[in-house]
Each structure stands twice: as C-alpha cells, then as structure tokens.
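Taking it in order: structure first as structure tokens, then the write-up.
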Amino acid sequence: MNTTIRKPIIAGNWKMNNTVKDSEILIKNLIPLTNNKNCDIIICVPFTNLETAINLTKDTDIKVGAQNCHFENSGAFTGEISPVMLSEMGVEYVIIGHSERRQYFLETDDTINKKIKSAISHDLKVILCIGESLEEREKEITENIVSKQLKLALSNIQEIDLKNIVIAYEPIWAIGTGKTATSKQANNVCKFIRSTILKLYSEVSADNILIQYGGSMNSANASELISEKDIDGGLIGGASLKVSDFSIIINAASTPM
Ligand code: 13P
C-alpha cells in the first residue's frame, strides 16, 4: 500500500443480506468504530436498505454504496434501479460488474461499460469488479482475462473520469470460499492492473487509481494483503457483515505501514 499517494478504501459488500432492521443494528454498532480512520469506509447495502444507511451515516465517516444499477435513466425495465435514482437519494458509490452479476445475471463487458458511463455521468463513484475463474487461473490466463475485462469496461471512458473509478480485483475462486489469494498472488495481479492503466492512460493515472482486493478477506488476513504495495484496501463480503471483523479490517487499512 502506497500511503503517500493513495488513501486505502475499505468497502463492505453486504450482497443480499440484512433486512432494514438488521442493517440498523449493524450500522449503529459500526459507527463508533469508524471515527478518525486513515481510510475511506463504504458499505454497499441492498437497495431496500439504502435510505436507512444514508440517514444513519449522515455526519459520520461511513459512505454508502449500491451493489448494481441499470444504465438507462428510466423506462420499462421491470425490477431495475437507475443511477439517477441512486444519486438523487444521496448514494455515493455503486459496485459494477461483480462476478455474481456476471455469472447469475448474465452481465456482459458491454453492459458493464454502459453502466459505468451512466453512473459516472450521474456523479456516482464506481467500484468496478474484475477477476478470473479458477479454471482461468489454472490455465495461466489470469492476465489476459483481467486485461480484457478492464479494457472493455473502460472503453471510451476519459482519463478525467478515472478519479471516480475504483477497481476491485476479485478472483472468483476466492469469493466466499475461504480460499484467499496469497498476498503475493493478489499483489501481482493488482500490479498488472496498474500497469494496464499505465498503458491505457498515463503514469499519473496508474499511480493514483485505487485497486482493492476482494475474496475471503477477513480480520486475520487483511493486514498482510493491504500492506502490499499495489493493494489499496479491500472489497469485503462475509466479514463485512460482522461489525467486529469489519472494524479489524478497517483498522488494518488505517494503520500506517
Ligand atoms: P467474500 O469476502 O465473502 O469472499 O466476498 C468477496 C466479494 O465478493 C466482495 O464483493
């Protein structure tokens, strides 16, 4: 983690967990543990919990994100939520391209690209997820996969907009499996992602872009992962649902290395 340039970002992805009542309890318990930390803290909650999360985190150091959005502003898209709806209610971040959305909801690199453009145009910050499957890692094509996902997701996105994009490297084989990438494996891919940004844009952008790791990050392994030079924090699933674990991860990112 290069703290001189980049402020780490710890984001919880609650996925389809927590009712409004559950989220109230979790957020109220989390708030006192997040004051004056040297990292950005985000919770990405289900759509139904956004309003509660926004109200409870007003005047705190916690920012609120959604887990998906459509690329159109409005229209006949039953069950979808638009960036303009999120932005108007005070949502700051949106996760786009999570592997679960790619896998279960058939999201493509093209729709991901459209979603990113639309989200940015409505002043949302994007957490763009990319990562390889186990089969792709075993075939040693991780870099090809990750660079293809990155190039297509960022297609026709201007360099000036990169300040509103965080990249989350999430190897699919490490998500929810308890199988974490080693800190070296994770850092190597994050470093590769940074070098791809250098090729696509510039050295300044490569130095400044935030790249998180996600995939079974927990209170025991966060410190080692986040201390790697090219890993600027984490996107955390399971461990973000437990206040004690999430706050340990926040502290790990907040400690000057
Ligand atoms: P887990 O931390 O549960 O492995 O989930 C990671 C993830 O998918 C975050 O977006």
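Just the heavy atoms: all of them, side chains too, but no hydrogens, waters or symmetry mates, feed the values below. In listed order, ligands and their atoms are each counted from 1.
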Q: Under the side-chain hydrogen bond (donor to acceptor under 3.5 Å, both in side chains) rule, what do Thr52 and Glu24 come out as? Steps first, then yes or no, please.
A: CA-CA 7 Å; Thr52 304; Glu24 257 181 50; 5.2 Å; no
Considering the heavy atoms of [X], write down every atom of ligand 1 situated less than 4.0 Å from one of them.
| X | value |
| --- | --- |
| Gly215 | 4 (O), 6 (C) |
| Ala174 | 4 (O) |
| Ser216 | 1 (P), 2 (O), 4 (O) |
| Gly238 | 1 (P), 2 (O), 3 (O) |
| Glu170 | 6 (C), 7 (C), 8 (O), 9 (C), 10 (O) |
| Lys15 | 5 (O), 6 (C), 7 (C), 8 (O) |

Q: May I ask you to identify the nearest protein heavy atom to atom 2 (O) of ligand 1, giving residue, atom name and distance to one decimal place in Å?
A: Gly237 N, 2.9 Å
Q.
Side chain, backbone, both or neither: which applies to Leu235 and ligand 1 if a contact is any heavy-atom pair less than 4.0 Å apart?
A. both
Can a salt bridge be assigned to the pair [X] and [Y] using a cut-off of 4.0 Å between side-chain N and carboxylate O?
| X | Y | result |
| --- | --- | --- |
| Asp40 | Arg6 | no |
| Glu107 | Lys115 | yes |
| Arg102 | Asp109 | yes |
| Lys184 | Glu228 | yes |

Q.
Using the side chain to side chain contact (heavy atoms under 4.5 Å, CB included) definition, which of the options Ile25, Ile248, Asn29, Ile27 pairs with Val243?
A. Asn29
Q | Short side-chain to backbone donor-acceptor contact, Ser254 and Asn38, under 3.5 Å | A |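 Pair found, side chain donor or acceptor close to backbone of Asn38.
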(Q) If the contact criterion is a heavy-atom separation under 4.0 Å, does Gly176 count as touching ligand 1? (A)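 For ligand 1, residue contact (heavy atoms, under 4.0 Å) with Gly176 is present.
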